[in-house]
Amino acid sequence: MNCVSCNRNVLEKELFVKFKCPNCGDFEIIRCKTCRALSNAYVCQKCNFVGP
Ligand SMILES: [Zn+2]
Ligand SMILES: [Zn+2]
């Protein structure tokens with residue numbers, strides 16, 4: 001599993017979040033703690049929704 005923002009392997013980190021895309025509800029967004037703290041943008045690979 002990789003963070004959708006920085007593409008790093010989240011399993012190497014102790015904290016990450018996993019949630020469904022708020023737009024299509026079909027794609028699982030995975031973000032590491034770092035990207036969440038920095039509010040890095042993420043892109044849904046299914047519907048191209050961009051969100052913080
Ligand atoms: Zn990240
Ligand atoms: Zn989506």
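When a ligand or atom number is given, it counts from 1 through the structure's own listing order. On a predicted model such as this, the values are computed, not experimentally measured, just so you know.
Here Cys24 contributes SG and Cys21 contributes SG, and at the Zn ion (ligand 2) these two atoms make an angle of 110°, given to 10°. Note: angle at the Zn ion (ligand 1), from SG of Cys3 to SG of Cys35, is 110° (rounded to 10 degrees). Annotation: angle subtended at the Zn ion (ligand 2) by Cys47 SG and Cys44 SG is 110°, to 10°.
For Lys20, the side chain to side chain donor-acceptor pair (under 3.5 Å) criterion is met by no residue, not counting sequence neighbours. Asp26 is linked by a side chain to side chain donor-acceptor pair (under 3.5 Å) to Lys46, counting only residues two or more places apart in sequence or in another chain.
A distance-only check finds a donor-acceptor pair linking the side chain of Ser5 to the backbone of Ala41 [under 3.5 Å].
In this structure, the ring of Tyr42 has its center no less than 6.0 angstrom from the ring center of Phe27.
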